[in-house]
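See structure below.
The model shown is predicted, which means the values in this text are computed figures rather than measured ones.
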Amino acid sequence: MSEANKAPATQGPPMGGPGGPRPGGGPGRGRNVFVEKPKNAKETVKRLVRYIGSSKYLVLGMLGVMLAVTLLQLAAPSLQGQAINAMTGGVDMSAVLRTLALLAVVYLLTAVMQYFQGIISVSLSQATVRRMRTDLFNRIVKLPIRFIDTHQHGDIMSRMTNDVENISQVVSSSIGSLFSGALTVVGSIAIMLYYSPALTCISFVTVILSLLATAKMSKYMRKYFSRQSSLLGQLNGHAEEMITGYHTVVAFSREDSAEQEFNAISGELKKTGIIAQLLGGVMGPVMNVIGNIGFLLIAAFGGYFALQGIISIGVIQAFILYSKQFTRPINELANLYGQIQTAIAGAERVFAILESEPETDEGKTHLTSVRGDIDFNHIFFSYVPDKPVLKDFDLHVKSGQRIAIVGATGSGKTTVVNLLTRFYDVDQGKILLDGVDIQEIPKEELRGNIAIVLQDTVLFSDTIAGNIRYGRLDASDEDVRRAAQTANADVFIERLPEGYNSILSESGGNLSQGQRQLLSIARAVLADPSILILDEATSSVDTRTELHIQEAMLALMEGRTSLIIAHRLSTIRTADKIIVVDDGRIVESGNHAELLKQEGVYYRLYQNQFAGLKT
């Protein structure tokens, strides 16, 4: 299969376009605002943890380094307290110097361990998001065509880029803090209880206040950070559509309306982002205020206990530092809370695609060779429930026949191709290939025997030879040249400075429409299919180029079953049979001369094109 075929907007689900409706759309002209509801945050975190845990050696290394850092940090306040005690009362300079030297060693080792912690954090982050990106891309390429047709491409890209990058940043900056925080809290509580159970209980007042503040504010924050991720995806989707269809936007002078729609989404994103960041930013100051209240309580009660002779001055100093270490993880979490919420919201969007059902393939019957007999037996199909596109469509194609399908836009012509290639499956009826139901044939094998040439060519940022070779990856350079010659593409290729090694820009933008179409046809020639589908293959080229393409097509169709969808009736006069489709049904069939004699739908279409008569 040479190219992906998509259902036209007139026949398929509504798609987003310039000023048009978009699935999961946002602010825009004449549309309802859609708010993406967050999924279960707890389950999302569990799945993230499983992704992180896949790099078990890095996680173990992180735990080991964090344990060393925590032990060193827990030792420092105690050493400071000992130094202060040694300087009060009778001064013992030797003890002070020994304690300070040991304290210097602790600080140096802490710095070294934190350096390794940073290296491991970055490695763990990149390993996690690489695995996530791989899983996401592997799922995207296995999704049904229906999913791609009904979702904004820019939004899908946003999930792979922006959302995954947010996850990467959180894993890199927050995982170490969470590990360290858990160990620090446990160690600090143990030492604080050892020094003074009474002061430890007083310190817990700040913990209770912190938990209450976090629980109250997180309820509002999650909503806005999820909304922010959704709007960012919509903004990217709109930008991608405008850039891809820029010629159309300019041709219809829709620059202002495109700008207005972009500004509407961007304005909503700005408002949502400000609220989200304000809520996320206020967490840090609130936690700092609560922490300072805790220091005040410790200093007041600690001073009283020292005057009573219950504890020493050094213990008060150590206790204040331990209390600070105890509340530090909570403050860090509060400062990172906004970023963490953004990552969770992004992870929900990523997992939403990972949870989407991939394209199923129940085919088990392998065909040793394909003759090309095709039978559409009483086919019913609709893209949207209760809006049928094909209604009791019945068509029988013999091997080697050239069948042309004509009809008005939206009559169901391209849908026939979508069903034959199993981009979509029929609602009722069966499609047989050489007497075998195509649903029993593996999709890769079915599509490998079909080549499609579309009106909208799909070329990649590769060499001309690489684009042609996409039809058969193991083809030699000579095979590529012969395919280009058959498609009458070698003439313009040889004129290029680099010939077949010329690099195409994105979508072949440095070639004309006719040249792009010829390359697409050369790709189909190289694929050497048993069944050939031409979907408006010549409608975008001039008359002279059309003649070259017709010559190539006649040679290519020789001995192959061919389905030709065309609005230009001049391209189908030599077809063995012409099928006229109207409102999802076959209303006429026969060759060109027979249909003209009937003076029916085909006759009116022909007269409209060549005699200028109104229908």
Side-chain angles (χ1 to χ4, degrees), residues 40-79 102-103 105-139 160 163-194 207 321-322 324-337 339-348 350-351 354:
N40 190 334
K42 186 181 294 185
E43 182 61 30
T44 301
V45 171
K46 287 181 180 178
R47 293 189 66 173
L48 276 174
V49 169
R50 286 198 290 270
Y51 266 100
I52 295 169
S54 299
S55 304
K56 58 182 180 180
Y57 294 112
L58 288 173
V59 173
L60 290 175
M62 171 75 76
L63 286 173
V65 171
M66 292 312 306
L67 179 60
V69 170
T70 302
L71 292 176
L72 291 169
Q73 289 178 337
L74 290 173
S78 179
L79 291 173
L102 185 57
L103 191 60
V105 172
V106 167
Y107 285 145
L108 179 61
L109 288 176
T110 300
V112 172
M113 289 296 102
Q114 286 176 336
Y115 170 75
F116 285 111
Q117 173 194 336
I119 294 176
I120 296 175
S121 295
V122 171
S123 300
L124 180 61
S125 168
Q126 293 304 312
T128 300
V129 297
R130 179 184 182 276
R131 189 174 295 107
M132 185 172 290
R133 281 198 183 101
T134 299
D135 291 348
L136 182 59
F137 186 81
N138 290 344
R139 177 51 54 94
M160 179 170 286
D163 292 335
V164 173
E165 184 60 30
N166 288 334
I167 295 169
S168 172
Q169 292 177 4
V170 165
V171 172
S172 177
S173 62
S174 303
I175 296 300
S177 298
L178 293 174
F179 282 172
S180 173
L183 294 172
T184 300
V185 166
V186 173
S188 297
I189 290 176
I191 297 176
M192 289 165 67
L193 286 172
Y194 171 77
V207 176
L321 292 176
Y322 281 121
K324 186 176 181 180
Q325 285 191 353
F326 175 68
T327 57
R328 177 181 57 80
I330 300 175
N331 291 337
E332 286 182 351
L333 180 61
N335 289 321
L336 292 169
Y337 195 78
Q339 190 177 355
I340 292 173
Q341 284 298 309
T342 300
I344 292 176
E348 288 177 346
V350 170
F351 292 144
L354 291 175

Please report the shortest heavy-atom distance between L103 and A76, naming the atom on each side.
-> CD1-O, 3.7 Å
Which pairs pass salt bridge (Lys or Arg N to Asp or Glu O under 4.0 Å) with one or both residues in residues 60-78, sequence neighbours excluded?
-> none
For D163, which residues count as a side chain to side chain donor-acceptor pair (under 3.5 Å) partner, sequence neighbours excluded?
-> R349
Could you list the residues that satisfy side-chain contact (heavy atoms from CB on, under 4.5 Å) with S55, not counting sequence neighbours?
-> L58, L124, A127, R131
Taking every heavy atom of T44 against every heavy atom of A347, the minimum-distance pair comes out as CG2-CB, 3.6 Å
Hits for side chain to side chain donor-acceptor pair (under 3.5 Å) against Y57, two or more places apart or cross-chain, chain-then-number order -> none
Distance (rounded to the nearest 0.5 Å) between M132 CE and S54 OG | 9.5 Å
Shortest non-hydrogen contact from S121 toward S172 | CB-O, 3.4 Å
Does any N or O in the side chain of T70 come within less than 3.5 Å of the main-chain N or O of M66, such that one atom is a donor and the other an acceptor?
-> yes
Can I get a per-line list of side-chain donor-acceptor pairs under 3.5 Å for residues 182-193, giving both atom names and the distance, sequence neighbours left out?
unit_1: T184; atom_1: OG1; unit_2: S180; atom_2: O; d: 2.7
unit_1: S188; atom_1: OG; unit_2: T184; atom_2: O; d: 2.8

The side-chain contact (heavy atoms from CB on, under 4.5 Å) partners of F137 (sequence neighbours excluded) come to V141, M160
Tell me, please, which residues at least two apart from A75 pass side-chain contact (heavy atoms from CB on, under 4.5 Å).
-> none
Quick one: which residue pairs count as a salt bridge (Lys or Arg N to Asp or Glu O under 4.0 Å) with a foot in residues 165-178, not counting sequence neighbours?
-> R133-E165
Between atom CG of L72 and atom CG of L67, what is the distance when rounded to the nearest 0.5 Å?
-> 9.5 Å
Mind running side-chain contact (heavy atoms from CB on, under 4.5 Å) on D135 and Y51 for me, showing each step along the way?
-> CA-CA 11 Å; D135 291 348; Y51 266 100; 2.8 Å; yes
Apply side-chain contact (heavy atoms from CB on, under 4.5 Å) to V105 and list each qualifying residue two or more places apart in sequence or on a separate chain.
-> L109
According to the side-chain hydrogen bond (donor to acceptor under 3.5 Å, both in side chains) rule, which pairs have a member within residues 107-120, sequence neighbours left out?
-> Q80-Y107
Rounding to 0.5 Å, atoms CE (M113) and CG (L71) come to a distance of 11.5 Å
Are V171 and V129 close enough that some pair of their side-chain heavy atoms sits under 4.5 Å apart?
-> no
By side chain to side chain donor-acceptor pair (under 3.5 Å) - contacts of R47 (at least two apart) = E355
Which heavy atom of I52 sits nearest a heavy atom of T128, and at what distance?
-> CA-OG1, 3.8 Å
If only atom types and distance count, is the side chain of S123 paired as donor or acceptor with the main-chain N or O of I119 below 3.5 Å?
-> yes
Hits for side chain to side chain donor-acceptor pair (under 3.5 Å) against N138, two or more places apart or cross-chain, chain-then-number order -> none
Atom CG of L48 and atom CD1 of I167: how far apart are they, to the nearest 0.5 Å?
-> 5.5 Å
